[in-house]
Asker: 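Can you keep this structure in mind? I'll have questions shortly.
Chain letters run A, B, ... following the sequence lines, proteins first, then strands; residues in each count from 1.
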Amino acid sequence: DGGITQSPKYLFRKEGQNVTLSCEQNLNHDAMYWYRQDPGQGLRLIYYSQIVNDFQKGDIAEGYSVSREKKESFPLTVTSAQKNPTAFYLCASSIEGVLREAFFGQGTRLTVV
Amino acid sequence: DAKTTQPPSMDCAEGRAANLPCNHSTISGNEYVYWYRQIHSQGPQYIIHGLKNNETNEMASLIITEDRKSSTLILPHATLRDTAVYYCIVSGATNKLIFGTGTLLAVQP
């Protein structure tokens, strides 16, 4: 079945450690996105990529980094520079410019202690 | 991308129509209106989108006013499984989905 997979579902890390969240899609979508969601809040865009080897900062990119070496994969690294990393992280993909077909993963809940 | 305004919460009785409003008074001519919903602790799900005309699919109907400054998402027969946060998004040239805080629809038995 085609879809978008995030792993792991729950992740715990100690403060000061970098952590990488995985996002893989087999939908042949060009565009991929990372969002962050805090309790009671909407989704905020961290980074997005419209094509392999290219990505742009979203509204809250500070403290995060991404790579897009393959079309299927868009990993997000939460660095120690991110002041409040505990959140629910969602990855999405879409056909470039076709936002009606954006598919979301089930999310990774990151807790930093 | 134009901003949207939605009520923070709404209730609806099971089996009745749920009408969710959205204001987007600064929408420009090439921007579409998209609706997504998010069931608790899951990823958002696409519902419907439109530019000028009213649209209907198997999930919902979208009514856009003639001046395009507001729209209404209609779930014709709400069920308990429709309880979710509903997001109205306006997007055009930037090709980004920018989410607000949405409307929490609570369907009551």
Asker: Is there a path of hydrophobic side-chain contacts, each under 4.5 Å between heavy atoms of I/L/V/M/F/W/Y residues, joining B:Leu80 to B:Met59?
Answerer: yes
Asker: Determine, using the 4.5 Å side-chain heavy-atom cutoff (strictly less than), whether B:Ile74 and B:Leu20 are members of one ILVMFWY cluster.
Answerer: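 No, B:Ile74 does not connect to B:Leu20 through the hydrophobic network.
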Asker: Could you tell me which portion of B:Tyr32 (side chain, backbone, both or neither) has an atom closer than 4.5 angstrom to a non-hydrogen atom of chain A?
Answerer: neither
Asker: Do A:Leu11 and A:Leu76 belong to the same hydrophobic cluster, where Ile, Leu, Val, Met, Phe, Trp and Tyr are linked whenever their side-chain heavy atoms lie under 4.5 Å apart, directly or via other members?
Answerer: yes
Asker: So for A:Gln6, is it side chain, backbone, both, or neither that comes closer than 4.5 Å to the heavy atoms of chain B?
Answerer: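 Neither part; nothing is under 4.5 Å.
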Asker: Considering only heavy atoms from C-beta outward, does the side chain of B:Tyr46 approach that of A:Phe103 to under 4.5 Å?
Answerer: no
Asker: If you count heavy atoms of other groups shown closer than 6.0 angstrom to NZ of B:Lys52, is the number above 12?
Answerer: no
Asker: Does any non-hydrogen side-chain atom of A:Gln106 lie less than 4.5 Å from one of B:Ser41?
Answerer: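 Counting from C-beta outward, B:Ser41 and A:Gln106 never come under 4.5 Å.
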Asker: Out of curiosity, A:Arg44 CZ to B:Phe99 CZ, how far, rounded to the nearest 0.5 Å?
Answerer: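 Rounded to the nearest 0.5 Å, the CZ-CZ separation comes out at 14.0 Å.
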Asker: Measure the spacing between OH of B:Tyr87 and CG of A:Leu43 and express it to the nearest 0.5 Å.
Answerer: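 Here the interatomic distance stands at 5.0 Å.
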Asker: Would a hydrophobic clustering, with Ile, Leu, Val, Met, Phe, Trp and Tyr connected at side-chain separations under 4.5 Å, put B:Ile63 with B:Ile47?
Answerer: no
Asker: Tell me whether A:Phe74 shares a hydrophobic cluster with A:Val52, the cluster being built from Ile, Leu, Val, Met, Phe, Trp, Tyr side chains joined at under 4.5 Å.
Answerer: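 No; tracing contacts between hydrophobic side chains, which count when under 4.5 Å, never links both residues.
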Asker: List the steps and the verdict of side chain to side chain contact (heavy atoms under 4.5 Å, CB included) for A:Leu90 and B:Gln38.
Answerer: CA-CA 12 Å; A:Leu90 283 158; B:Gln38 185 179 24; 3.7 Å; yes
